[in-house]
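Only one structure is covered here, and it is reproduced in the block below.
Just the heavy atoms: all of them, side chains too, but no hydrogens, waters or symmetry mates, feed the values below.
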Amino acid sequence: MDEGTELSLTIAQIVQRLKGSHLHSQIESQAKECLHQPEIKLESLKEDVRSFLKTSGWEKKLQNAVYRELHVQLPPGHPAAPPEHLKEPLAYMRKAQANWEKRVLKSLNSMSTELGVPLARMRPAVEQKELTNKWNEMGTDEPDLSRFRPVYAPKDFLEVLISLRNPNHDSSEDVNARSHWGLIQVPLNVRDIPQLRQAYSELNLTTGQLGIDDHAHIHPDLFENEYVQIGKKVIVDQDSAAAQQYSRQGCSTGLRADLWALILNSTNQPPDVMHYEQLKAGVIQHDLLVDNLIYKDVKLTASNDDYYFVFEDFLYQVLLCFSRDTAVLEHFKYNSATPPKSYILGKVGDEECAVVYPPNGVIPFHGFSMYVAPLCFLYNEPSKLYSVFREMYIRYFFRLHSISSSPSGIVSLCLQFERLLQTHLPQLFYHLRQIGAQPLRIAFKWMVRAFSGYLSTDQLLLLWDRILGYDSLEVVAVLAAAVFAFRAENLMEVTSLASAEAVLADLSTLKVMPLIQIFLFATAI
C-alpha cells in the first residue's frame, strides 16, 4: 500500500471516528452561531468560518482530538487483511493469548461456582442506598474476602510467556554464545543501546532533565526556571503534541497534572462527568463478582503501601466504575486480547445469550489497582482521575498483561530487558543464570506494573513522564536493566535466587533518570 493511499485511509478513519462525537457537535454549533457575525461575508464564507474557528480555539481542540486518534487507532493494514491480523499479526501469539484468556475465564467461572457467588446480581434497594451513602468512604467497609483469591498473579503470566515458541523458527539455526541465556525464546526485533540512543536522544547527558537538574545543589536559573516557564506556555497553548514533546525531559510537579491531561486529550467536559456519574449509578445498581477481586486487590496492594493507602476510597471508586465502562471495549480493536464472554443464567451454550463480562472486557489481576494509585497524587476530582486513568490504560497499560508482538508489549519488554543485560553485563547475567536466579524472574513484577509500587512516587512519575513523552513503554525495560547494572557488584556476590531478590527488594531510594541516562549514554558499546 503506497503512502498516499495509507494517508487517505487514515484520514477517512479519523473523520469517521470524530463524526458524531461531542466535539463535532460543538464545532458545528459554533460554526452556525458565527454566521450571524458581521465579519463573516457570504462571498468568502468558508475561509471566514475557518478563520473564526481558528481564532476562537476550536481548531486547536480539533487538532488535539486528531492527535489522540493517531495514538490509539491501528495503523492502516492491507485492505484484504482479516481483522485479527490487525489486532496481532503473528498467529502463534494470537493462539497463546486465546489460550491464556480461556484459562483466566475458567478460573473466574470456577470461583463463581465454588463460592456460589453469581457473576452479576441486582442489588436490593436497601443495599443500593447503603452504598450510595458510603460511596466516599468505601475503605471503612471490611467485607469478608477470605474466600476470594486473585484470578492470576504476574508470576503465573510469566510462566505462559516463558513457554512461548514460534513454530516456524528453528532456534538451532542461530546458536551462539548468548542465544539461549534468557527465558524468552521468541524471535522479536528489539532495540539495542545504539538504536535506543537515537530514539531517546532528549535523555542524553548534555540535555537538561527534571529528575537530575532540579536538585538542590544545582541553581534553578541554570535549567529549571526557564524550563518551567516553557511548560506553562505549553499549557496555555493547549497543544497535545507540544505537551508530549515537553514531557520527554520531565514535567514539574505543579504542571504535571495539566500536561498529562493535555497529552492524553482528557478534557473532563460535562459529557465526561456525566459518563462517570452513569458508571457510578451502574455500580450502585449491580453487584459483580469482579468487585470482590477489586476490593481484595486494593486491600492486598495499595492499602499496605506507605504512599498509597490514603487513596483507598479513590481506588475503589475508579476501579469499580472502570469495570462497568463499555467504552473500554473500543481498545480491543488494536489489542491482541478479546473481551471474555459469559452466559446469562440458565442459557449456557446459547451464543445469543453470551455477554461480555465484566462489561469493560478486562478481568483484574493481582496488582491491577497499582496502575491507578500513582494518578491519585495528580487528580483529586474522581471524574478527572477516572478519564486520565482510562486513557492511560487503553494507550499503555493493557499492553503489560496481554501477549503480543508490539514493541511496547510485555513480551518485547521482557526480551529487550534480557538482551540489554546479556549484551552489556554478560558476566552478571551468566552468574545469575548459573545460581538459578534468572534476572527476568526478579524484574518481571516491576515491568508488569510499570514499576508502580516499587519506586518512590516522585521517581515513578518521572518515569511515567517519559512513557507519555515517547509514547512507548520501552523505557520500563531500560530502567529494569539499569537497576541490575546499578546493583551489579552486590549481585555478583549472591549465591541464590533468594539472596538476589534481597539485594533488589527495595528500590524506593533509587533515582530513575540518572540510572537511565548512565545506562543508555555512558555504557561502553
Any side-chain donor paired with an acceptor under 3.5 Å for Ser369 and Asp297? yes
So, the side chain of Ser412 versus the backbone of Ser406: is there a donor-acceptor pair under 3.5 Å, distance only? yes
What distance separates Arg191 CZ from Leu420 CG, expressed to the nearest 0.5 Å? 11.5 Å
Does atom CD of Gln278 have more than 12 heavy-atom neighbours from other groups under 6.0 Å away? yes
OG1 on Thr113 to CG on Leu119, rounded to 0.5 Å: 8.0 Å
Report the relative orientation of the aromatic rings in His331 and Tyr393; use parallel for angles under 30°, tilted for 30 to 60°, perpendicular for over 60°. perpendicular
Against Leu375, only a single residue in Tyr386, Phe314, Phe311, Trp464 fulfils side-chain contact (heavy atoms from CB on, under 4.5 Å); can you say which? Trp464
Thr132: which residues meet the side chain to side chain contact (heavy atoms under 4.5 Å, CB included) condition with it, sequence neighbours left out? Ile284
With distance as the sole test, does Gln249 use its side chain to make a donor-acceptor pair with the main-chain N or O of Thr207 at under 3.5 Å? no
Where do Leu507 and Leu455 come nearest, in terms of heavy atoms and distance? O-CD2, 3.9 Å
Do the side chain of Glu391 and the main chain of Ser266 share a donor and acceptor less than 3.5 angstrom apart? no
Taking the ring centre of each residue, are Trp260 and Tyr379 less than 6.0 Å apart? no
Begin from the C-alpha positions of Arg94 and Lys87 and carry the test side-chain contact (heavy atoms from CB on, under 4.5 Å) through to its verdict. CA-CA 9 Å; Arg94 290 201 300 273; Lys87 282 161 70 69; 5.8 Å; no
Is there side-chain contact between Leu497 and Ile442, with heavy atoms separated by less than 4.5 Å? yes
For Phe484, the ring pair (Phe, Tyr, Trp, His ring centres under 6.0 Å) test, sequence neighbours excluded, returns Phe417, Trp446
Give a yes or no on this: more than 12 heavy atoms of other residues, nucleotides or ligands lie within 6.0 Å of atom CZ of Phe486. no
Backbone of Val298 reached by a side-chain donor or acceptor of Ser303 within 3.5 Å: yes
Evaluate the criterion side-chain contact (heavy atoms from CB on, under 4.5 Å) for residue pair Gln317 and Asn136; output intermediate values, then yes/no. CA-CA 8 Å; Gln317 290 170 14; Asn136 291 318; 3.1 Å; yes
Just checking, is any N or O donor in the side chain of Ser383 or Asp272 under 3.5 Å from an acceptor N or O on the other one? no
Holding to side chain to side chain contact (heavy atoms under 4.5 Å, CB included), I want the full list of residues that pass it with Lys134, two or more places apart in sequence or in another chain. Glu130, Leu131, Glu137, Asp141
Between the main-chain N or O of Tyr470 and the side-chain N or O of Tyr200, is there a donor-acceptor pair closer than 3.5 Å? no
Nearest heavy atoms of Arg466 and Leu210, plus distance in Å: NH2-O, 3.0 Å
What is the ring orientation for Phe157 with Phe444, classed by angle as parallel under 30°, tilted 30 to 60°, or perpendicular over 60°? tilted
Non-hydrogen atoms of Leu460 and Ala450 that approach each other most closely: CD1-O, 3.4 Å
Locate the shortest heavy-atom distance separating Leu329 from Pro339; write the atom from each residue and the value. CD2-CB, 3.9 Å
Sub-3.5 Å donor-acceptor pair from the side chain of Thr326 to the main-chain atoms of Pro359, do we have one? no
Would you call Asp258 and Lys232 a salt bridge, taking side-chain N to carboxylate O under 4.0 Å as the test? no
Judged by atom type as modelled, is there a donor-acceptor pair below 3.5 Å linking the side chain of Arg103 to the main-chain atoms of Asn99? no
Looking just at side-chain N and O atoms, do Ser402 and Gln97 make a donor-acceptor pair shorter than 3.5 Å? no
Mind checking whether Met447 and Ile410 have side chains closer than 4.5 Å, heavy atoms only? yes
Distance, nearest 0.5 Å, that separates OG of Ser110 from CG of Leu108: 8.0 Å
Do Ser252 and Tyr227 touch side chain to side chain, with heavy atoms closer than 4.5 Å? no
State, yes or no, whether a side-chain contact exists between Val290 and Val362 at a heavy-atom distance under 4.5 Å. no
Check the angle between the aromatic planes of Tyr308 and Phe377 and answer parallel, tilted or perpendicular using the 30° and 60° thresholds. perpendicular
For Asn360 and Val328, indicate whether the former's side chain and the latter's backbone hold a donor-acceptor pair under 3.5 Å. no
Check: Lys511 side chain, Gln459 main-chain N or O, donor-acceptor pair, under 3.5 Å: no
Starting at CG of Leu463, measure out to OG of Ser452 and round the result to the nearest 0.5 Å. 10.5 Å
side-chain contact (heavy atoms from CB on, under 4.5 Å) between Asn380 and Leu385, worked out: CA-CA 7 Å; Asn380 56 12; Leu385 169 63; over 6 Å; no
Keeping Lys155 on the side-chain end and Lys445 on the backbone end, is there a donor-acceptor pair under 3.5 Å? no
Counting only heavy atoms not in Asn133 (residues, nucleotides, ligands), do more than 12 fall under 6.0 Å from its CG? yes
Quick one, Gln209 and Leu462 - any side-chain contact, counting heavy atoms below 4.5 Å? no
Contact summary for Ser342 and Asn109, nearest pair of heavy atoms: OG-OD1, 3.7 Å
Test Phe332 against Phe398 for ring pair (Phe, Tyr, Trp, His ring centres under 6.0 Å), laying out the working first. CA-CA 10 Å; Phe332 285 104; Phe398 78 90; 8.3 Å; no
Pick from Gln269, Arg390, Lys280: which one makes a side chain to side chain donor-acceptor pair (under 3.5 Å) with His275? Arg390
Would you say Leu288 and Tyr357 make side-chain contact, with heavy atoms under 4.5 Å? yes
So, do Val448 and Leu158 sit near enough that their side-chain heavy atoms are less than 4.5 Å apart? no
Provide the closest heavy-atom pair for Glu418 versus Ile184 in the form atom of the first, atom of the second, distance. OE1-N, 3.1 Å
Separation between CG of Leu203 and CD1 of Ile212, rounded to the nearest 0.5 Å: 8.5 Å
